[in-house]
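Everything on this sheet refers to the single structure shown next.
Side chains included, hydrogens not; waters and symmetry mates left out as well; all remaining heavy atoms used. Note that the structure is a prediction, hence the values are computed from the model and not measured. Atoms within each ligand, like the ligands themselves, are counted from 1 in listed order.
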Amino acid sequence: MSKQEWIDIAVEALGKAYVPYSKFPVGACLVTKEGKTYQGINIENASYGLTNCAERTAIFKAVSEGEKAFSHLVVAGHTPEPISPCGACRQVMAEFCDPAMPVTLVGDNGVTKEMTVEELLPYTFTDKDL
Ligand code: THU
């Protein structure tokens, strides 16, 4: 699959986001090293703090299926600039993805920004710090 197809999967996920409170849908597409894709959406709750972000949904879906090796993540939002992942999701990315793994951030009108996991979360706290 091409990067554009991964972007399309993340953008398609926007329509499935469960966002009755924020009305701020986010979609994600996590790609394994074998090329399998996991789609993620943000899932909100009346108890707001229980919300799960799209990136973490995709990562947790994949890890719960036994996946541990990832090659790419796409995150999409209906934002004028490429969406900025929250700090919690950056930390979870750092747990399961290589520092150099590319992350494609997508906004409306096809705007994209390419970053790595390490660029999103420099001087990361990891298992090596324990
Ligand atoms: N959100 C995500 O899904 N990912 C992020 O990285 C940023 C925030 C969601 C959480 C909540 O449902 C909505 O966006 C507004 O914060």
Proximal ligand 1 atoms for Phe24, defined as those under 4.0 Å from one of its heavy atoms: 13 (C), 14 (O), 15 (C)
Verify atom 16 (O) of ligand 1: protein non-hydrogen atom under 4.0 angstrom away: no
Shortest non-hydrogen contact between Val26 and Ile83, atoms and distance: CG2-CD1, 3.8 Å
Thr51 side chain to Arg56 side chain, donor-acceptor N/O pair below 3.5 angstrom: no
Co-membership, hydrophobic cluster, residues Val74 and Val31, 4.5 Å side-chain: yes
Ligand-side contact atoms (ligand 1) for residue partner Glu44, heavy atom cut-off under 4.0 Å: 11 (C), 12 (O), 13 (C)
Partners meeting side-chain contact (heavy atoms from CB on, under 4.5 Å) with Ser2 (sequence neighbours left out): Gln4, Glu5
Min N/O separation Val19 to ligand 1 under 3.5 Å: no
Ligand 1 to Asn42 polar contact by distance, N or O atoms, under 3.5 Å: yes
Taking atom 3 (O) of ligand 1 as the reference point, the nearest protein heavy atom with its distance: Ala54 N, 3.0 Å
Note, Val111 side chain near Glu81 side chain (heavy atom, < 4.5 Å): no
Pairing residues for Lys3 by the salt bridge (Lys or Arg N to Asp or Glu O under 4.0 Å) criterion, not counting sequence neighbours: Glu114
Residue Pro85 vicinity, atoms of ligand 1 by number, heavy atom under 4.0 Å: 6 (O)
Verdict with reasoning, Leu121 to Met93, per side-chain contact (heavy atoms from CB on, under 4.5 Å): CA-CA 9 Å; Leu121 190 63; Met93 287 177 210; over 6 Å; no
Contact atoms of ligand 1, heavy-atom distance to Glu55 under 4.0 Å: 2 (C), 3 (O), 4 (N), 5 (C), 6 (O)
Subset of ligand 1 atoms that lie under 4.0 Å from at least one heavy atom of Cys53: 1 (N), 2 (C), 3 (O), 4 (N), 5 (C), 8 (C), 10 (C)
For Thr51, atoms of ligand 1 separated by under 4.0 Å from a heavy atom: 10 (C), 11 (C), 12 (O)
